[in-house]
Number of protein chains: 2
Amino acid sequence: MEHPSAPTPGRLRTTPSWLLTQTATHAARLVTTALGAHHARGYHYRLLATLAETGPASQADLGRHSGIDRSDIVATLNDLADRHLVRRQPDPTDRRRNIVHITPAGRRELTTLQHALDTAQDTLLAPLDPTDRRELVRLLDLLLTHHNEPKG
Amino acid sequence: MEHPSAPTPGRLRTTPSWLLTQTATHAARLVTTALGAHHARGYHYRLLATLAETGPASQADLGRHSGIDRSDIVATLNDLADRHLVRRQPDPTDRRRNIVHITPAGRRELTTLQHALDTAQDTLLAPLDPTDRRELVRLLDLLLTHHNEPKG
DNA sequence: CCCTATTCATTGGCAACGCCAACATTGGCA
DNA sequence: TGCCAATGTTGGCGTTGCCAATGAATAGGG
């Protein structure tokens, strides 16, 4: 978003969904910039991080664990594989599946991206003291947990 | 995002930018659904709300006050004008400009959208008690203020 | 064992938001 | 007067989150 030359309309300034989407936009900009410096996007990081945590997995499983749609997994893995950060391997026990492995280079890249992201977090939270940071994380986590686990 | 069948990768669950963008995604989904029931999108609401607050304004001014790019203003106003919620009028004192007015129907539509949005806020904040809600708004407002006013 | 339903990877498409470049017209200022 | 800035407009791009359809392969029930 452009920098408003005048304050945001008053109504919105206390509308939680507005505050959330706006701060998220700033956060996304910081993250995009941080990752972009290493030729990566959010999806790239999320897949590498998921792979490092869960170990080798099928693309469908990667999607379920990372929250990325299967179709988007394909394109992202193509990028990562092109850069040798990841390897696709047919599953001998189920020929529908690819087993995806993170490579040593992929782990190194993940470390690099992680550092870039950590820096971005600091920039993002700059105006908050440690107590407020924890409080923010707590509140957002409450919201996320609630909306991620539909009662139905 | 799809509902993860397994918990989100641990790293991300305490990453503020992740929590922000994810909760913002949920918030955006609620808002989109609420506005969609009235054939509106976020840009439509934002422009109507801005017009109601500032009174008639040029498109460039609308962009600056609402934080919407000039080019996106054009398309959004086209939609609103097609539905007679807004009127474009040439500025007699500056032939480059259009003076945009909100119509009575536009004000009624804004009221409707506002109600829909208020309901969405409640759904969004359901898991938080009033104290936590105020705290969340306070923290997000701090972040937004900080990142909206570049020191440079 | 066979048929059906499901799963998988993949392709291709869509919507919303944020943003940028270019253009012609018009205004303001030096 | 001459040049720069602002305005509306068109057209385009990238990221994220989705959905539908397809062909191959597997799993499950009868």
Side-chain angles (χ1 to χ4, degrees), chain A residues 1-5 17-18 20-36 39-47 57-64 66-79 81 88-100 147-148, chain B residues 1-5 17-18 20-36 39-47 57-64 66-79 81 88-100:
Chain A
M1 190 198 317
E2 290 181 357
H3 294 132
S5 67
S17 65
W18 168 263
L20 267 177
T21 53
Q22 289 312 296
T23 49
T25 297
H26 284 289
R29 180 159 33 224
L30 290 172
V31 165
T32 297
T33 302
L35 296 180
H39 314 95
R41 288 169 297 142
Y43 279 4
H44 296 136
Y45 168 77
R46 278 158 73 178
L47 276 196
S58 71
Q59 299 184 190
D61 280 344
L62 280 180
R64 282 184 280 263
S66 66
I68 300 177
D69 190 89
R70 283 204 295 279
S71 61
D72 298 317
I73 296 271
V74 176
T76 307
L77 283 184
N78 287 344
D79 294 344
R88 263 192 271 228
Q89 200 171 84
D91 183 339
T93 77
D94 186 339
R95 282 183 295 179
R96 289 170 304 181
R97 282 181 234 205
N98 290 328
I99 300 181
V100 183
H147 289 287
N148 265 348
Chain B
M1 189 199 313
E2 291 183 358
H3 295 131
S5 68
S17 66
W18 168 262
L20 265 178
T21 53
Q22 290 312 297
T23 50
T25 297
H26 285 289
R29 182 160 30 224
L30 290 172
V31 166
T32 297
T33 301
L35 295 181
H39 314 95
R41 289 169 296 143
Y43 279 4
H44 295 135
Y45 169 76
R46 278 158 71 177
L47 276 195
S58 72
Q59 300 183 190
D61 280 344
L62 280 179
R64 282 183 281 262
S66 66
I68 301 178
D69 190 90
R70 284 203 298 280
S71 60
D72 297 318
I73 296 271
V74 176
T76 307
L77 284 184
N78 287 344
D79 294 344
R88 263 193 269 232
Q89 200 171 84
D91 184 338
T93 76
D94 185 341
R95 281 183 298 178
R96 290 172 303 180
R97 283 183 230 203
N98 290 329
I99 300 181
V100 183

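In what follows, chains carry the letters A, B, and so on, assigned in the order in which the sequence lines appear, proteins first and then strands, with residues in each chain numbered from 1.
Regarding contacts with the backbone of dT9(D), every side-chain N or O of Asn78(B) stays at 4.0 angstrom or more from both OP1 and OP2. The phosphate of dG18(C) has OP1 or OP2 within less than 4.0 Å of a side-chain N or O from Arg46(B). For the OP1/OP2 pair of dC8(C) and a distance below 4.0 Å, the side-chain nitrogens and oxygens of Arg64(A) include at least one atom meeting the criterion. The shortest distance between the side-chain N/O atoms of Gln22(B) and the OP1/OP2 oxygens of dT16(D) is not below 4.0 Å.
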| message | Test side-chain contact (heavy atoms from CB on, under 4.5 Å) on Arg41(A) and Asp79(A); report intermediate values, then the result. | response | CA-CA 10 Å; Arg41(A) 288 169 297 142; Asp79(A) 294 344; 2.9 Å; yes
| task | Please report the C-alpha distance between His44(A) and Leu35(A) in whole Å, then the side-chain angles of each, then the deciding distance to 0.1 Å, and finally whether the side-chain contact (heavy atoms from CB on, under 4.5 Å) criterion is met. | result | CA-CA 9 Å; His44(A) 296 136; Leu35(A) 296 180; over 6 Å; no
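Atom CG of residue Leu47(A) and atom CG of residue Asp72(A) lie 9.5 Å apart, to the nearest 0.5 angstrom. If you take OG on Ser58(A) and CZ on Arg64(A), they are separated by 6.0 Å, rounding to the nearest 0.5 Å. The structure places CG of Leu30(A) at 11.0 Å from OG1 of Thr25(A), a figure rounded to the nearest 0.5 Å.
Computed from coordinates, the Tyr45(B) OH to dC17(C) C1' distance equals 17 Å when rounded to whole Å. As rounded to whole Å, 13 Å separates atom C1' of dT16(D) from atom CG of Leu47(A). Atom CG of Leu35(B) and atom P of dA15(C) are 17 Å apart (whole Å). Separating the CG atom of Asp91(B) from the C1' atom of dT26(C) is a distance of 12 Å, rounded to the nearest angstrom. If you take CG of Leu77(B) and C1' of dG8(D), they are 11 Å apart, rounded to a whole angstrom. Regarding His44(B), its NE2 atom lies at a distance of 13 Å from the C1' atom of dA15(C), rounded to whole Å. With rounding to whole Å, Ile73(B) atom CD1 is found 13 Å from dT9(D) atom C1'. For the pair Asp79(A) CG and dG14(D) P, the computed distance is 13 Å after rounding to whole Å.
Among the protein residues, Thr21(B) comes within range of no part of the nucleic acid, since none of its heavy atoms lies under 4.0 Å from any strand. When heavy atoms are screened at a 4.0 angstrom cut-off, Thr32(B) is found touching no nucleic acid atom at all.
Residue Arg88(A) comes nearest to Gln59(A) through the heavy atom pair NH1-OE1, 2.9 Å, listed as atom of the first residue, atom of the second, then distance. Of all non-hydrogen atoms in Pro90(B) and Asn98(B), the two that sit nearest each other are CA-OD1, 4.2 Å.
Both Pro92(A) and Ala75(B) lie close to DNA chain D; mapped to their nearest nucleotides by heavy-atom distance, the more 5′-ward contact belongs to Ala75(B).
When distances run from any side-chain atom of Tyr43(B) to the nucleotides dT9(D), dC8(C), dG18(C), the shortest one goes to dG18(C). Distances were taken from every side-chain heavy atom of Arg88(A) (C-beta onward) to each of dT9(D), dT10(C), dT7(D); the shortest belongs to dT10(C).
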| query | So what is the 5' to 3' dot-bracket string for DNA chain C, if pairs are Watson-Crick or G-U wobble with both distances under 3.5 Å, crossing pairs use [ ] and | means the partner sits on another strand? | reply | ||||||||||||||||||||||||||||||
Report all interatomic pairs (protein N or O, nucleotide N or O of nucleotides 12-14 of chain C) with separations under 3.5 Å.
unit_1, atom_1, unit_2, atom_2, d
dG12(C), O6, Ser71(A), OG, 3.3

Taking only nitrogen or oxygen atoms into account, show me every contact under 3.5 Å that the protein makes with nucleotides 21-25 of chain D, one pair per line with its distance.
none

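Judged by distance alone, with hydrogens and angles left aside, the side-chain atoms of His26(B) form no donor-acceptor pair with the main-chain N or O of Thr23(B) at under 3.5 Å.
Between Leu62(A) and the options Ile73(A), Thr76(A), Ile68(A), a side chain to side chain contact (heavy atoms under 4.5 Å, CB included) holds for only Ile73(A).
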